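As the structure is a prediction and not an experimental result, all values here were calculated from the model.
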Amino acid sequence: MSKELNNNSAPETLVEIKNLSTHLNTGNEVIKAVDGVSLNIKKGETFCLVGESGSGKSMLALSIIQLLPEKISSHPSGSIHFNWRKQSGFGIDRKATYEKVDMLTLDDEQLCDIRGSRIAMIFQEPMTSLNPVISVGEQIMEALLLHHPDMAEESAKERAIKAMQEVHLKDAESRFDNFPHQLSGGQRQRIMIAMALACEPDLLIADEPTTALDVTVQAEVLKLMNELQERKGMSILFITHDFGVVAQVADKVGVMKHGKLVEFGETEQVLRDPAHDYSKKLIASVPENLTKREVDNAITEALVTTKNLDVYFPIRKGVLKRVVDHVRAVDDVSVDIHQGKIVALVGESGSGKTTLGRAILQLQKPTAGSVKISGHELVGLSQKEMQPWRKKMQISFQDPQSSLNPRILIAKTITEPMQVHGIGDSDEERIELAAEVMEAVQLDRDFLWRYPHEFSGGQRQRIGLARALALNPEFIVCDEITSALDVSVQAEVLQLLLEIRKQRDLTLLFITHNIAVVEYLCDETIVMKAGKVVEQGLTADVCGNPQNPYTQKLIAAVPRLKAV
């Protein structure tokens, strides 16, 4: 083990990576996940790592904390020097000693001393990172007791509650006994941060911690991380594909492509004057940097209308499970969606966006109210009576990985709905129609003979669109279809939607929490809060001059690249 003891003061450089290579062995193939990367992270700074999926960002982070499986991973070259603070208690100890170690040479016992206590990690999806059968408070206690075995359980509980309070979790004491499923996405992310910071690490690795969060919750989490960083003097390695977030939080930026660090520098320099072509491409793909299209504000007839639409879910309590109240997921909503327009539906999680979209499609039966398409009432129709209308209305889901059957070929995925609705006189004709729709979403027709797992996230999203387009619908609900995509893939999908809309005269309801995407893509915008529509109108008016305080809050929370 390489060591340098420093008894004087905290080192200026916390992490020093030199010529690091991380290889993954998959059968007969060796993948160079990290390829000769060198970088430094100073104490107290935020280093943002950006790049597309598969660029090696997470592999680099997992290499630092040494969480990659030994059987399939190796480091043919390089070193990861970390200045380890040897301190048993909490708070800033001016007399603490520092030991410079190479993370690649430490044994399991030494790694356990560092992981969680001096290097902590927040993962992208807290629901899969938290244990579903242990209360969130006990999970924070577990981390504390692991690294401080002499700590009394009562002290550990007090420390865990304090950590929950530090991340501004309301009613921390009562939340201690909650299980992960009882918390919202933003609350779960705060628990992950509390768990990571409970032992007061020197380095916090945050892997896409705000990707799935509402824009207002994202703003709160970023502000919280900045406050805790300043208070505790820790460094942050922040992995993201959101350049608005980079502009807001980063001191330095590194851009990765195919395992290599292709650009590295101060945030201002990289975002304003990128040197590498790949960096230029990524920044040019940010929605606010895309060439603004001319919006056609011509008034057209309403294709879809809702009037006084309600969707209520009963709340049952007691032994007899009597209905004591209702969750008003959609509450007295009246909207018009005009022919040929792309209409955004925005709002925070739980605002009723997806429920409204599903109610329009009659995938969720309304409690009351009216839904009409082309003047025809849909509410109250039987399943058989609805079938002809299914052909006219389709949906593209947020996660194509879970909405595509992994066991059947793409050809069957697309042709099966055609067969149900009597499109095509033979299998051969349906295959040809499926090939044409694949080409319409800019995919090779040979892809029909592959399975979903053989495609990237962006390609699967296009296949989801192809399936929706196969029935030649008039109206498509797009439910958060770009939220998990890389910025360059997102730009391609947005431009594809515009082309398809123009070619087929489609009407789209675009459900999203990304206001920057709304400003680029959508003609009109509807804002929902707690089941109600609080504002609607032309996108330029709603986003440029919001009237409702809630809309103003949403717009103000959007991280902008222009913030640099």
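The ring-ring contact (aromatic ring centres under 6.0 Å, His included) pairs that include a residue from residues 337-379 are H376-W389, where partners are two or more places apart or lie in different chains.
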**Message:** If you apply the rule side-chain contact (heavy atoms from CB on, under 4.5 Å), what do you find for I476 with L469, and how did you get there?
**Reply:** CA-CA 8 Å; I476 299 179; L469 292 169; 3.7 Å; yes
**Request:** Evaluate the criterion salt bridge (charged side-chain N to carboxylate O under 4.0 Å, His left out) for residue pair R322 and D325; output intermediate values, then yes/no.
**Result:** CA-CA 9 Å; R322 298 181 189 276; D325 201 353; over 6 Å; no
**Message:** Using side-chain contact (heavy atoms from CB on, under 4.5 Å), reason through L309 and D332 one step at a time and then give a plain yes or no.
**Reply:** CA-CA 5 Å; L309 188 66; D332 195 28; over 6 Å; no
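When all heavy atoms of V518 and C543 are compared, the pair lying nearest together is CG1-SG, 4.1 Å. The minimum heavy-atom distance between G352 and V330, with the atom names listed, is O-CG2, 4.0 Å. Closest approach of A329 to T355, counting heavy atoms only: CB-CG2, 4.0 Å. Shortest non-hydrogen contact noted between L144 and A160 is CD1-N, 3.9 Å. The heavy-atom pair separating R430 from T415 by the smallest distance is O-CG2, 3.7 Å.
Considering CZ of R328 and CG of D310, their distance stands at 8.5 Å, rounded to 0.5 Å. The structure places OG1 of T46 at 8.5 Å from CZ of F238, a figure rounded to the nearest 0.5 Å. Here CE of M418 is found 9.5 Å from CD of E429. Values are rounded to the nearest 0.5 Å. To the nearest 0.5 Å, atom CD of residue E158 and atom NZ of residue K162 are 10.5 Å apart. Taken from CD1 in I414 to CG in L409, the straight-line distance is 11.0 Å, to the nearest 0.5 Å. Atom-to-atom distance recorded for H513:NE2 and K353:NZ is 8.0 Å, nearest 0.5 angstrom.
Counted within 6.0 Å of CD on Q165, heavy atoms from surrounding residues, nucleotides or ligands total more than 12; the atom is thus considered enclosed. Summarising the local packing, CD of E301 is surrounded by 12 or fewer heavy atoms from other residues, nucleotides or ligands at distances under 6.0 Å. Atom NZ of K365 sits in a crowded spot, with more than 12 heavy atoms from other residues, nucleotides or ligands closer than 6.0 Å. Atom CD of E173 is surrounded by 12 or fewer heavy atoms from other residues, nucleotides or ligands within 6.0 Å. Under a cut-off of 6.0 angstrom, the local environment of CD in E385 is crowded, with over 12 non-hydrogen atoms contributed by other residues, nucleotides or ligands.
R467 places a side-chain heavy atom less than 4.5 Å from the side chain of F397. Considering only heavy atoms from C-beta on, Q442 comes within 4.5 Å of E499 through its side chain. At a threshold of 4.5 Å between non-hydrogen side-chain atoms, the residues V517 and Q490 count as touching.
Not counting sequence neighbours, the partners of E439 by the side-chain hydrogen bond (donor to acceptor under 3.5 Å, both in side chains) test are R445.
For the pair R460 and F455, the NZ or CZ position fails the cation-pi test of under 6.0 Å to the six-membered ring centre and within 45 degrees of the ring normal. Annotation: cation-pi geometry satisfied between K157 and F176 (NZ/CZ under 6.0 angstrom from ring centroid, within 45° of ring axis).
The one candidate from E208, E52, K57 that meets the side chain to side chain donor-acceptor pair (under 3.5 Å) condition with H241 is E208. Of the residues listed (K391, R390, R504, K392), the one engaging E474 in a salt bridge (Lys or Arg N to Asp or Glu O under 4.0 Å) is K392, and it is the only one.
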Atom pairs and distances, side-chain donor-acceptor, residues 535-542, under 3.5 Å, sequence neighbours left out:
{"residue": "E535", "atom": "OE1", "partner": "Q547", "partner atom": "N", "Å": "3.3"}
{"residue": "E535", "atom": "OE1", "partner": "N548", "partner atom": "N", "Å": "2.9"}
{"residue": "E535", "atom": "OE1", "partner": "T551", "partner atom": "OG1", "Å": "2.9"}
{"residue": "E535", "atom": "OE2", "partner": "Q547", "partner atom": "N", "Å": "2.9"}
{"residue": "T539", "atom": "OG1", "partner": "C522", "partner atom": "O", "Å": "2.9"}
{"residue": "T539", "atom": "OG1", "partner": "D523", "partner atom": "O", "Å": "3.3"}
{"residue": "T539", "atom": "OG1", "partner": "E524", "partner atom": "N", "Å": "3.3"}
{"residue": "T539", "atom": "OG1", "partner": "E524", "partner atom": "O", "Å": "3.4"}
{"residue": "T539", "atom": "OG1", "partner": "T525", "partner atom": "OG1", "Å": "2.8"}

